[in-house]
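This is a predicted model, so every value here is computed, not measured. Just so you know, ligand 1 is whichever comes first in the structure, and atom 1 is the first atom listed for that ligand.
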Amino acid sequence: MKIFNTLTRKKDDFKPINEGKVGIYVCGPTVYDYIHIGNARPMIVFDTLRRYFEYKGYEVNYVSNFTDVDDKIIKKAIEEGVDANVVSERFIEECRKDMAALNVREATTHPKATEEIDDMIAMVETLIEKGYAYEVNGTVYFRTRRFSDYGKLSKKNLDDLRAGNRELLVSGENEKEDALDFVLWKPKKEGEPFWQSPWGEGRPGWHLECSVMSKKYIGDIIDIHAGGEDLIFPHHENEIAQSEAANGTEFARYWMHNGFLRINNEKMSKSLGNFFTVREIGEKYDLQVIRFFMLSAHYRSPLNFSQELVEASKNGLERIKTAAARVEEAVSLGVSGDMTSTEKENVAVIDEFVSKYEAAMEDDLNTADAISVIFELVKHVNTTVEKGVSTKAYADKAYDTLKQLCDILGINVKEKAVLLDEEIEGLIQERQEARKAKNFARADEIRSLLTEKGIILEDTREGVRWKRA
Ligand code: AMP
Ligand code: ZN
């Protein structure tokens with residue numbers, strides 16, 4: 001498989017550190033609010049990478065953290081008058097729900113920064129012992145210039161960075177030896193969560209968290225480190241500096257970064273009023289559609305989110321699901337016995353589509369091309385599978401292939417589309433009218449349709465109440 005490696009700026013052949021195994025670390029969200037649809041992009045993309053590796057027979061150790069100690073979490077906790085962990089625990093739970101709805105599989109491990117503080121302190125101690133870090137008034141800084149490879153990921157030059165940081169030198173940050181030094185450990189402020197350390201009560205710096213959690217759950221060297229492109233500098237550059245200086249070995253072999261999601265060609269931001277959480281979007285669209293939409297572009301390209309584009313994905317996904325349902329029916333009505341010679345030829349065509357799909361995925365996870373191949377396959381099965389005529393053996397092959405290629409993308413062809421609130425309310429209204437008109441057959445039909453979609457109705461004196469099962 002070829003992977004575009006941010007470290008080398010080219011597509012490199014993927015070679016695992018240990019045969020048949022792959023360790024992937026993906027920087028996870030800071031849990032101070034519901035995740036937004038931009039955050040969903042790396043989750044979906046790298047979950048798909050994991051699924052593809054598993055399809056190829058690799059054993060994947062997939063680690064993605066929750067950053068549960070951070071200025072934004074503390075700010076929210078102060079506003080609400082609760083402890084920071086009340087905020088972070090709440091949004092970890094909400095984030096897990098969103099991930100499940102996006103069909104993002106549970107990671108092998110989802111470490112939380114606050115549960116790994118001892119190892120963070122140990123890494124800071126190692127860095128101090130090795131001369132890569134120093135303490136001033138309870139803050140520990142990384143001595144950036146000591147690490148000669150600094151800038152190798154972001155291709156930044158230390159002197160240019162220093163020129164850009166000149167204002168820092170005169171802005172009171174003069175306790176640092178150098179403007180480029182960054183924080184590993186910071187002293188607590190009043191009302192903030194803190195831990196005991198050799199440098200007094202305080203908390204870790206954000207970059208340190210990922211260096212420590214990836215080391216603990218994967219090892220000193222990891223195969224693939226991933227995240228959004230905004231993390232290249234300074235987050236990932238700093239992770240490399242800390243890990244390589246502390247462990248004395250290379251940190252991550254391949255660095256993968258997803259492009260940004262934009263809304264109607266603008267940066268998503270609260271101030272522009274075009275900021276959407278996954279939860280809000282889930283009320284308008286089935287999140288399977290959102291997943292399919294995200295994978296319809298190459299992960300490194302910027303992706304524009306607009307109603308028209310999402311509608312197009314919705315229709316595309318519907319086309320695939322309709323074909324899958326038809327083929328599944330043909331399986332149950334399949335003729336027993338051997339495939340016909342024409343069917344055998346058609347199997348060869350299906351196998352060619354599988355090879356083409358794999359070639360797209362092997363080319364730096366080109367899910368956009370892989371989806372085009374699925375559409376070609378849909379066209380092929382639509383014309384070659386006929387219920388009551390095709391053999392069960394052929395219909396099976398067509399169905400299994402279509403299902404598998406979609407499964408790798410995390411798209412479940414069998415899943416029934418979720419009804420939106422307004423659709424449910426519309427159906428309930430229709431049922432009420434049918435009952436008034438004494439059309440009980442239609443009323444019952446609507447009730448069973450809703451039951452089938454997991455909606456439970458309750459007739460009360462105040463009217464009809466409903467809930468999702
Ligand atoms: P954060 O919680 O801000 O650290 O973000 C969690 C992950 O979401 C990181 O990998 C970010 O790079 C990624 N991310 C944030 N905003 C976007 C966006 N608009 N498009 C794509 N990825 C994003
Ligand atoms: Zn990270």
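Heavy atoms from other residues, nucleotides or ligands lying under 6.0 Å from NZ of K188 number more than 12.
Considering backbone and side-chain atoms together, F260 places no N or O closer than 3.5 Å to any N or O of ligand 1. Where the criterion is an N or O separation shorter than 3.5 Å, residue side chain and backbone included, T30 meets it with respect to ligand 1. Residue W206 has no N or O atom closer than 3.5 Å to an N or O atom of ligand 1. No N or O atom of M268 sits closer than 3.5 Å to an N or O atom of ligand 1. Ligand 1 has a nitrogen or oxygen under 3.5 angstrom from a nitrogen or oxygen of D230.
Rounded to 10 degrees, the SG-metal-OE2 angle spanning C210 and E239 at the Zn ion (ligand 2) equals 100°.
The aromatic rings of H110 and F66 lie parallel to each other, with less than 30° between the two planes, well short of the 60° mark. Taking the six-membered ring where tryptophan is involved, the planes of H236 and W255 are tilted, since the angle between them lies from 30° to 60°.
Ring to ring, F91 and Y34 are close: their centroids are under 6.0 angstrom apart.
From L317, atom CG reaches atom CG of D286 across 7.5 Å, with rounding to the nearest 0.5 Å. Once rounded to the nearest 0.5 Å, the distance linking CD1 of I128 with CH2 of W199 reads 5.0 Å. The CZ atom of R41 sits 8.5 Å away from the CD atom of E229 when rounded to the nearest 0.5 Å.
Shown in contact with N39 at under 4.0 Å from a heavy atom are these atoms of ligand 1, numbered in order with element: 5 (O), 6 (C), 7 (C), 8 (O), 14 (N), 15 (C). Near G228, the atoms of ligand 1 lying under 4.0 angstrom from a non-hydrogen atom of the residue are 10 (O), 12 (O). Counting the atoms of ligand 1 from 1 in the order shown, those under 4.0 Å from a heavy atom of L261 are 18 (C), 19 (N), 20 (N), 21 (C). Per-residue contacts place N258 under 4.0 angstrom from the following atoms of ligand 1 (heavy atoms of the residue considered): 21 (C), 22 (N).
Given atom 23 (C) of ligand 1, the protein heavy atom at minimum distance is G38 O, 3.4 Å. For atom 9 (C) of ligand 1, the closest non-hydrogen atom on the protein side is L231 CD1, 3.8 Å. Ranking the protein heavy atoms by distance from atom 13 (C) of ligand 1 puts P42 CG, 3.8 Å first.
Taking the Zn ion (ligand 2) as reference, H235 places its N/O/S atom NE2 nearest.
Between R51 and D47 a salt bridge is recorded (basic side-chain N to carboxylate O distance below 4.0 Å). Salt bridge annotation for E352-K356: absent, with no cationic side-chain nitrogen under 4.0 angstrom from a carboxylate oxygen.
Using a 4.0 angstrom heavy-atom cutoff, G259 counts as in contact with ligand 1. Within the structure, the closest approach of K267 to ligand 1 does not fall below 4.0 Å when heavy atoms are considered.
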Go through it in stages, so that I can follow the logic: the residues are V413 and E328, the test is side-chain contact (heavy atoms from CB on, under 4.5 Å), and I'd like the CA-CA distance, side-chain angles, deciding distance and then a yes or no.
CA-CA 10 Å; V413 289; E328 203 185 13; over 6 Å; no
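Contacts of H36 with ligand 1, taken as heavy-atom pairs under 4.0 Å, involve the side chain alone.
For the pair R105 and Y62, the cation does not sit on the ring face, since its NZ or CZ is not both under 6.0 Å from the ring centre and inside 45° of the axis.
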